[in-house]
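Proteins come first, then strands; the chains are lettered A, B, ... in the order of their sequence lines, and each starts at number 1. From a predicted model like this one, the values you see are computed outputs, not experimental measurements.
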Amino acid sequence: MNSKDGMRYMELVDVYEKLDSTTKRLEKTTILADFFRKIGGEDPELLPVVTLLSLGRVFPTWSEEELGIASKLLMNAMALVAGVRPEDVEDMMRDAGDIGTAAELLLGKKKQATFFTVPLTIQKVHSNLMKIADISGNRSQYKKMEILRELFSSASPEEAKYITRTVLEELRVGVGEGTIKDAIAEAFSVEKGVVERAHMLTNDLGLVSEVAKEEGVEGLKKLSLKPGKPVKPMLAQLSPGIRESVEEMGWALCETKYDGIRVQIHRSGDEVNIFTRRLENISNAVPEIIEYIEEALPHEDFIVEGEIIVTKDGKPISFQYILQRVRRKYEIEKMREQVPLKLYLFDVLYYHGPQIDTPFEDRRKILESMVDVMEDKLQLSNQVKATPEDIWRAEDLFTESLKGGHEGIMIKDPHAPYMPGIRGKKMLKRKAEPETLDLVVVGGTYGKGKRAHFIGSYLLAVQDENNELKTIAHAATGLDDQMLLELSEMVEPLITKKTGRRVEIVPSIILEIAYSEIVKSPEYESGYSLRFPVVKRVREDISIEDIDTVERVESMFKDVQTL
DNA sequence: TTTGTCTGCCCC
DNA sequence: ATTCTGC
DNA sequence: GCAGAATGGGCAGACAAA
């Protein structure tokens with residue numbers, strides 16, 4: 001069946017629908033495993049592609065390719081195909097709560113006209129999506145839309161739904177890397193741990209599925225850590241409390257948590273490369289870091305990790321500045337003068353062979369042996385050892401960290417191996433208690449998926465000296481299902497205007513909002529905004545005259561160090 | 001040439 | 001990034 | 001406790017429109 005043209009995309013769509021119809025992970029795993037096995041038998045070359053598409057991805061993690069299409073361009077393309085205005089698509093999206101469903105509806109109407117079309121194959125969909133990433137320059141948006149148009153015109157409404165979701169990389173069928181790994185293990189009868197490890201080291205589940213099928217456990221075990229090939233960084237969980245965490249570990253190594261960007265630095269032969277958390281190569285943007293590494297570390301292969309921050313007179317300054325450096329392609333030398341960087345190293349993954357299975361305590365010693373510290377340029381993270389008996393060491397470090405303008409502390413299990421991509425209990429973070437503001441709701445945006453028929457995000461304002469309201473942030477997180485419903489019911493009758501997914505409302509509902517930091521913002525009327533806003537509660541006990549003011553926000557911002 | 005909008009497995 | 005939810 | 005999904009601010013770069 002289909003042996004000549006390859007498997008139909010519709011078969012994959014059926015799998016998506018099945019996945020979407022259950023919330024049980026075990027069922028999802030089996031559905032996927034069965035499908036992977038089937039592909040492996042009928043069309044093995046397709047296996048890596050199907051693995052990626054099942055994750056809602058077109059390219060593997062390590063790839064630098066980008067589609068350059070998101071909701072706006074996609075809506076334009078849909079409007080083009082369906083012969084309606086982009087605004088109509090947006091309205092439809094708001095009402096359907098999902099751009100995929102909107103595509104399904106729009107193309108369903110169109111469909112009767114074009115009856116004879118060649119059925120889409122999985123290969124065709126994937127290769128066309130890959131083509132999109134190669135298009136750039138003048139009229140590129142038009143050319144990208146043409147490719148989408150071609151796909152849509154031979155797609156059934158159901159297929160269109162999943163093509164749009166794939167383009168946006170929000171498949172939303174309850175499948176992520178965890179489920180895919182389980183499914184590969186189940187499909188090809190290999191241990192889950194082996195799959196997990198192979199994934200850690202390659203960042204390519206497509207490759208992992210292929211190797212699992214073709215070579216089994218032996219093949220997977222051959223995949224290894226190599227300088228030059230980035231791996232996903234190990235991630236930290238929130239600590240419930242310093243004492244509790246240290247006690248649970250027995251004893252802990254605690255370090256200052258620097259507020260910058262996490263980097264993984266590889267030396268392979270003569271080449272030094274710097275990767276971000278998402279494995280983007282930013283070596284060109286931060287030349288001085290390369291120079292520091294050349295000077296301070298051995299000229300041998302290694303992988304080390306650290307945090308790059310911006311400092312002024314040795315003191316850390318606001319996180320915002322580093323964003324001017326990370327993805328910069330032009331005027332790098334000029335910005336190098338204006339926004340000087342400092343690197344704090346805190347881990348090693350490879351030196352004289354892989355070290356990820358070495359306990360953290362020993363990795364730190366290896367790192368110390370590797371580095372010649374450069375004042376103001378490159379240092380090791382500030383570290384103390386804490387036990388339940390001398391827990392004050394950790395607590396003091398925390399206080400000192402905040403006083404010094406840093407973000408808090410990391411609490412690390414000295415016995416833990418380095419677990420790429422894992423967010424576990426072996427590495428914890430503790431940050432300052434958030435501050436709060438009382439703000440009034442002046443608008444909102446309708447959500448997607450679970451929040452399709454609710455306002456998924458609220459626009460908030462402070463008042464100025466003339467009691468005029470000035471916007472300051474949106475908040476969306478912190479709302480549980482019940483509060484989401486209640487708030488939506490309160491807001492509905494207050495809506496004065498709807499534009500696409502956005503609404504304006506009569507100001508009257510007051511929310512207490514927690515946040516980590518006030519930042520300067522050109523986007524909001526107040527001139528300021530909030531980092532990590534979280535809704536805490538509805539304040540029914542105060543009235544609109546009592547909300548916080550621009551003046552107060554301004555005075556609180558003064559504490560932040562700027563260039 | 002300048003301005004405005006959109007995009008990013010972006011960074012956090 | 002933070003937070004909530006189903007398993 | 002994990003995995004997944006829903007959402008935050010801000011930056012540079014890439015295009016399109018003016």
message: Please find the pair of heavy atoms, one from R552(A) and one from L437(A), that lie closest to each other, and give the distance.
response: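 It is NH1-CD2, 3.6 Å.
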
task: Please name the pair of heavy atoms, one in M145(A) and one in A77(A), separated by the smallest distance, quoted to 0.1 Å.
output: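 Closest heavy-atom pair between M145(A) and A77(A): SD-N, 3.5 Å.
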
What is the separation between atom [atom1] on [X] and atom [atom2] on [N], rounded to the nearest whole Å?
{"X": "Q320(A)", "N": "dA1(C)", "atom1": "CD", "atom2": "C1'", "value": "14 Å"}
{"X": "Y458(A)", "N": "dT2(C)", "atom1": "OH", "atom2": "P", "value": "23 Å"}
{"X": "L26(A)", "N": "dG6(C)", "atom1": "CG", "atom2": "P", "value": "17 Å"}
{"X": "L67(A)", "N": "dA14(D)", "atom1": "CG", "atom2": "P", "value": "16 Å"}
{"X": "R262(A)", "N": "dC12(B)", "atom1": "CZ", "atom2": "P", "value": "9 Å"}
{"X": "R278(A)", "N": "dT7(B)", "atom1": "CZ", "atom2": "P", "value": "18 Å"}
{"X": "N138(A)", "N": "dG13(D)", "atom1": "CG", "atom2": "P", "value": "20 Å"}
{"X": "Q324(A)", "N": "dG13(D)", "atom1": "CD", "atom2": "P", "value": "11 Å"}

5' priority, DNA chain C, between K24(A) and F532(A) [closest heavy atom]: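 So the residue in question is F532(A).
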
- prompt: Quick one: on DNA chain C, does G478(A) or L235(A) contact a more 5' nucleotide (nearest heavy atom)?
  reply: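 Upstream on the strand: L235(A).
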
query: In terms of side-chain heavy atoms, does T29(A) have a donor or acceptor partner in E186(A) at a distance below 3.5 Å?
result: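 Side-chain D/A pair, T29(A) to E186(A): absent.
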
- prompt: Taking atom types as modelled and ignoring hydrogens, do the side chains of Q338(A) and Y321(A) form a donor-acceptor contact shorter than 3.5 angstrom?
  reply: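 Not at all, the side chains of Q338(A) and Y321(A) share no donor-acceptor pair under 3.5 Å.
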
dA6(D) versus dC12(B) - spacing of their P atoms, nearest Å: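 About 23 Å, rounded to a whole number of Å.
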
message: For the P atoms, the ones on dC6(B) and on dT3(C), what distance do you get once it is rounded to whole angstrom?
response: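 Looking at atom P only, dC6(B) and dT3(C) are 30 Å apart.
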
- prompt: Does R139(A) count as lying over the ring of Y142(A), i.e. NZ or CZ under 6.0 Å from the six-ring centre, within 45 degrees of the axis?
  reply: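 Verdict for Y142(A): a cation-pi partner in R139(A).
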
query: Any ion pair linking R94(A) and D91(A) (charged N to carboxylate O, less than 4.0 Å)?
result: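 Yes, D91(A) and R94(A) are salt-bridged.
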
- prompt: Going by an N to O cut-off under 4.0 Å, is there a salt bridge joining D20(A) and K161(A)?
  reply: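 Salt bridge between D20(A) and K161(A), a charged N being under 4.0 Å from a carboxylate O: no.
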
Looking at every strand, decide which applies to [X] at a 4.0 Å heavy-atom threshold: base, sugar-phosphate, or nothing.
{"X": "G260(A)", "result": "sugar-phosphate"}
{"X": "V535(A)", "result": "nothing"}
{"X": "R451(A)", "result": "sugar-phosphate"}
{"X": "K144(A)", "result": "nothing"}
{"X": "V173(A)", "result": "sugar-phosphate"}
{"X": "T61(A)", "result": "base"}
{"X": "L73(A)", "result": "sugar-phosphate"}

Between [X] and [N], is there a side-chain N or O to OP1/OP2 distance below 4.0 Å?
{"X": "H474(A)", "N": "dT7(D)", "result": "no"}
{"X": "T179(A)", "N": "dG4(D)", "result": "yes"}
{"X": "Q237(A)", "N": "dC2(D)", "result": "yes"}
{"X": "R277(A)", "N": "dA1(C)", "result": "yes"}
{"X": "S457(A)", "N": "dG8(D)", "result": "yes"}
{"X": "R25(A)", "N": "dG6(C)", "result": "no"}

- prompt: Looking at CG of L402(A) and NE2 of H406(A), how far apart are the two atoms once the value is rounded to the nearest 0.5 Å?
  reply: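 Rounded to the nearest 0.5 Å, the CG-NE2 separation comes to 10.0 Å.
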
query: In residues 326-333 of chain A, which residues come under 4.0 Å of DNA chain D by heavy atom?
result: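 R327(A), R328(A), K329(A), Y330(A), in order of number.
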
- prompt: For DNA chain B, which ranges pair as stems of 3 or more consecutive Watson-Crick or G-U pairs, with both donor-acceptor distances under 3.5 Å?
  reply: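 Counting only runs of 3 or more consecutive pairs, the stems involving DNA chain B are B:1-8 with D:11-18, B:10-12 with D:8-10.
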
- prompt: Does Y344(A) have any ring-ring contact (aromatic ring centres under 6.0 Å, His included) partners at least two apart in sequence or in another chain, and if so, which?
  reply: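 Only Y258(A) meet the ring-ring contact (aromatic ring centres under 6.0 Å, His included) criterion with Y344(A).
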
message: Heavy atoms from C-beta onward define the side chain here; which of dC12(B), dG1(D), dG8(B) lies closest to that of A70(A)?
response: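 Comparing dC12(B), dG1(D), dG8(B) against the side chain of A70(A), the answer is dG8(B).
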
task: List the steps, then state whether side chain to side chain contact (heavy atoms under 4.5 Å, CB included) holds for E305(A) with F346(A).
output: CA-CA 6 Å; E305(A) 262 185 26; F346(A) 51 68; 3.9 Å; yes

